[in-house]
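Only this structure's heavy atoms are used, side chains among them; waters, hydrogens and symmetry mates stay out. Please read these numbers as outputs of a predicted model, since none were measured by experiment. Note that ligands are numbered from 1 as they come in the structure, with each ligand's atoms numbered from 1 the same way.
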Amino acid sequence: MPGKSFRIGPIRPPSEASSLLLQVTRGCTWNRCRFCTIYRDTSFQAFSADSIKKDIDSIASIADTVRGYAKAGRWDLDALNAHLASIENDDERQSFYMVASWLLSGGENVFLQDGNTTALSSGRLSDVLVYLKQTFPQIRRITSYGRASELSRHDAAYFAELKKAGLDRIHSGFESGSDAVLSLIGKGTSQEQQIRAGKNVKAGGIELSIYFMPGIGGKALTAENAEGTAQVVNEVHPDFLRIRTAAIKPGTELFEDFRAGSYRLCSDDDKVREIRRVITLAKGAPTSIVSDHMVNLLQEVNGRLDTDSASLLEMIDRYLDMPEADRRTFQLLRRTLQAYAPGDLKNIPAGRLAALRESVMQESEESWSEQMNALIGRYI
Ligand code: SF4
């Protein structure tokens with residue numbers, strides 16, 4: 001008997017905002033990154049294939065109910081919302097909302113949660129993928145997270161088997177390609193593992209989306225962070241390089257280092273220069289660089305490294321060439337959702353802009369970086 005709810009984990013990439021979330025593992029196998037607290041209170045658990053299939057059956061049952069509100073190709077949204085509002089149980093309401101949102105946006109993409117799905121054996125994962133696609137034949141893309149160290153244990157044949165079963169893309173938080181930075185942040189992986197993992201994922205026919213954290217190495221390792229990451233991009237040629245600007249949050253070991261004075265925060269400009277350096281060093285890679293998260297200062301850094309580097313660098317340089325008072329003013333407005341791009345400063349009334357320019361320059365660089373770090377941290 002299918003249930004009225006199913007498990008839903010806490011995070012997914014922004015690019016999977018309209019995807020159905022299916023939890024196949026809970027938590028993270030590593031749980032020791034020195035900047036991350038997401039799963040600190042969650043023990044890792046890999047669910048059995050039967051248990052995951054039970055959730056898929058529940059999703060199918062809820063989907064049948066949701067589809068009952070579509071008549072002649074049109075959704076009766078008022079009735080659908082009334083049904084949603086009538087559900088008293090929180091888990092059931094959240095499950096119904098997720099399935100309804102998924103179907104309303106086409107019902108084509110699925111994201112497998114949580115932090116390290118490839119910790120499941122390929123057999124168990126393939127079994128689940130095949131069942132998922134049989135239950136929902138309209139699915140066009142299935143994606144998941146995978147840790148580089150875990151991915152590096154598997155050969156291309158492992159990934160080819162998953163691709164055949166239906167896995168299309170793996171998102172992996174590489175964060176940095178520099179061994180010095182990886183060690184500092186406790187990532188539990190190395191550049192060599194990243195390169196082996198990335199090459200095997202791609203050789204198996206699965207798209208690879210890796211995450212880069214400008215600023216995560218702090219002031220001391222800002223050059224290494226950019227250069228090591230560019231080396232990995234040049235070796236692996238990931239399909240996507242997604243920017244996740246670092247925010248060092250209270251409760252993490254890196255924040256303790258910062259408080260103790262052994263870790264200096266990068267400024268927003270240091271982080272932008274890291275992005276610039278990666279683009280410069282990896283400009284031949286057939287990789288799309290993507291800025292798709294609120295934590296990033298320059299949201300317009302989107303394009304292909306092999307064809308769009310010149311225009312990306314021009315855009316970055318337009319920002320870096322602005323007077324420092326304007327750069328800080330933009331940082332503040334961007335971090336408080338009052339501006340989207342540096343050009344938005346021209347829409348600020350002259351008197352207010354002059355006051356802002358004066359005010360932001362009262363702070364020392366260290367104090368300003370700390371304030372911006374705190375503002376960025378609100379978005380993760
Ligand atoms: S691997 Fe990912 S989820 Fe796990 S501790 Fe590190 S950043 Fe957090």
Is ligand 1 less than 4.0 angstrom away from at least one heavy atom of Y145?
no
Tell me whether E175 is salt-bridged to K187, with the criterion being a basic N under 4.0 Å from an acidic carboxylate O.
yes
Is E207 paired with K202 through a side-chain N to carboxylate O contact shorter than 4.0 Å?
no
E253 pairs by salt bridge (charged side-chain N to carboxylate O under 4.0 Å, His left out) with which of R34, R259, R40?
R40
For the aromatic rings, using the six-membered ring if either is Trp, is the centroid distance between Y379 and H293 under 6.0 Å?
no
Taking the ring of F111 and the ring of W102, is the distance between their centroids below 6.0 Å?
no
Contacts of atom 4 (Fe) of ligand 1 with protein N/O/S atoms, counting only those under 2.8 Å
C28 SG
Output every pair passing ring-ring contact (aromatic ring centres under 6.0 Å, His included) with a member in residues 243-267, not counting sequence neighbours, ordered by first then second residue.
F255-F258
Atom 2 (Fe) of ligand 1 - nearest protein heavy atom and its distance:
K187 NZ, 3.9 Å
Under 6.0 Å from the ring centre and within 45 degrees of the ring axis: does the NZ or CZ of R7 meet both conditions for the six-membered ring of F47?
yes
